[in-house]
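So the structure is just underneath, and the comments pick up after that.
Each residue takes its place number in the sequence, starting with 1. As the structure is a prediction and not an experimental result, all values here were calculated from the model. Basis for what follows: all heavy atoms, side chains included, without hydrogens, waters or symmetry-related copies.
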Amino acid sequence: APQQAQKPRRFEPCVRGMAGEFPCHRVDMLYHFPMEEIGGGTAVGTGRGSDVWGWTDPATRRDYVLAGRENGTAIVDITDPMRPVYLANLPTSAIDNRIWRDIKVYRDHAFIVSESFEHGMQVLDLTRLRDIDPDDAPVTLDEDALYKEFETAHNIFINEDTGFAYAVGARNLD
């Protein structure tokens, strides 16, 4: 019984090609958050997921997932991968909710673009995550900067040697 109590609530071993309801190949599922538990949903416009990126805080060594949704970005602390914490929500800066959102991290900042109208590019200083008490989670964050020289973008690429960010498929909808 004590060992059973230490197992995460959503652990599923990979058995005969399946970890619970998900296909697998020699990889156990440590935890799974349904979209509804990280600020989203599964119906069109409610926060379906589209992209994930990661960041390891160089000062604290904590690991985070940044999960794009139609209606914003969920930030999940996965330092203990069997007991992750939905830590924060960064709402969209757009006037509508479209499925595609892309995230890249350069140094200690997340750069987020979307195909949603009037979104532009959100910039979030990830070092702010250090100050969030998991007991208060999830908290709602505001972006630290919002670049509006384009309205929508399908993707973003950052050249880590130069620090230049390139919005891919960017356009204005005038």
Side-chain angles (χ1 to χ4, degrees), residues 8-11 22 29-158 165 167-170:
R9 186 167 57 115
R10 300 193 181 160
F11 175 82
F22 300 100
M29 181 174 68
L30 300 182
Y31 200 91
H32 171 255
F33 271 117
M35 290 306 298
E36 293 82 4
E37 292 183 19
I38 58 169
T42 55
V44 173
T46 65
R48 296 173 298 164
S50 64
D51 187 43
V52 295
W53 203 255
W55 178 65
T56 299
D57 187 324
T60 66
R61 304 308 303 161
R62 298 195 72 77
D63 295 314
Y64 300 92
V65 166
L66 293 85
R69 305 180 322 256
E70 287 172 312
N71 57 355
T73 303
I75 301 169
V76 180
D77 183 333
I78 61 163
T79 304
D80 180 348
M82 296 177 80
R83 289 170 189 77
V85 176
Y86 172 34
L87 196 63
N89 175 51
L90 176 64
T92 186
S93 61
I95 60 172
D96 69 340
N97 293 338
R98 294 199 177 197
I99 186 67
W100 200 259
R101 183 169 309 276
D102 194 66
I103 305 159
K104 295 296 184 293
V105 171
Y106 178 70
R107 297 190 178 162
D108 294 335
H109 289 78
F111 297 83
I112 304 160
V113 298
S114 173
E115 288 189 353
S116 297
F117 293 127
E118 298 182 22
H119 185 276
M121 180 177 64
Q122 293 175 299
V123 181
L124 179 66
D125 179 351
L126 297 170
T127 63
R128 292 172 49 200
L129 302 177
R130 297 173 187 159
D131 298 327
I132 299 173
D133 184 338
D135 291 336
D136 297 333
V139 300
T140 299
L141 302 173
D142 293 320
E143 66 265 344
D144 293 287
L146 184 58
Y147 181 80
K148 293 290 239 174
E149 293 300 314
F150 60 84
E151 289 187 40
T152 71
H154 179 75
N155 204 328
I156 184 168
F157 168 77
I158 300 177
V168 179

How are the rings of His32 and Phe22 set to each other: parallel, tilted or perpendicular (split at 30° and 60°)? tilted

If you round to the nearest 0.5 Å, how far is NE2 of His119 from CD of Glu151? 12.0 Å

Give the minimum heavy-atom separation between Met35 and Arg48, together with the two atoms involved. CE-C, 3.9 Å

Scan Ile75, Thr60, Val139, Asp77 and name whichever one has a side-chain contact (heavy atoms from CB on, under 4.5 Å) with Leu129. Ile75

Taking the six-membered ring of Tyr31 (Phe, Tyr or Trp), confirm whether the NZ or CZ of Arg83 is under 6.0 Å from its centre and within 45° of its axis. no

For Tyr147, check ring-ring contact (aromatic ring centres under 6.0 Å, His included) against everything at least two apart and list the hits. Phe150

Glu118 side chain reached by Lys148 side chain, heavy atoms, under 4.5 Å: yes

Which atom names give the shortest non-hydrogen contact between Arg101 and Thr92, and what distance separates them? NH2-OG1, 3.2 Å

Give a yes or no on whether the backbone of Val123 and the side-chain of Glu143 come within a donor-acceptor separation of less than 3.5 Å. no

Sub-4.5 Å side-chain heavy-atom contact between Glu37 and Tyr86: no

Flag the pair Pro58 / Asp108 as yes when at least one side-chain heavy-atom distance between them is below 4.5 Å, and no otherwise. yes

Hey, could you give me the CG/NE2 distance between Asp125 and His109, rounded to the nearest 0.5 Å? 4.0 Å

With Val105, which of Ile112, Leu126, Leu124 fulfils side-chain contact (heavy atoms from CB on, under 4.5 Å)? Leu126

Could you go through His154 and Val168, starting from their C-alpha distance and side-chain angles, then the distance that decides it, and tell me whether this counts as side-chain contact (heavy atoms from CB on, under 4.5 Å)? CA-CA 6 Å; His154 179 75; Val168 179; 5.6 Å; no

With a 3.5 Å distance limit and no angle check, can you tell me whether Trp55 reaches the backbone of Arg107 through a side-chain donor-acceptor pair? yes

Enter the distance from Thr56:OG1 to Tyr64:OH here, rounded to the nearest 0.5 Å. 9.5 Å

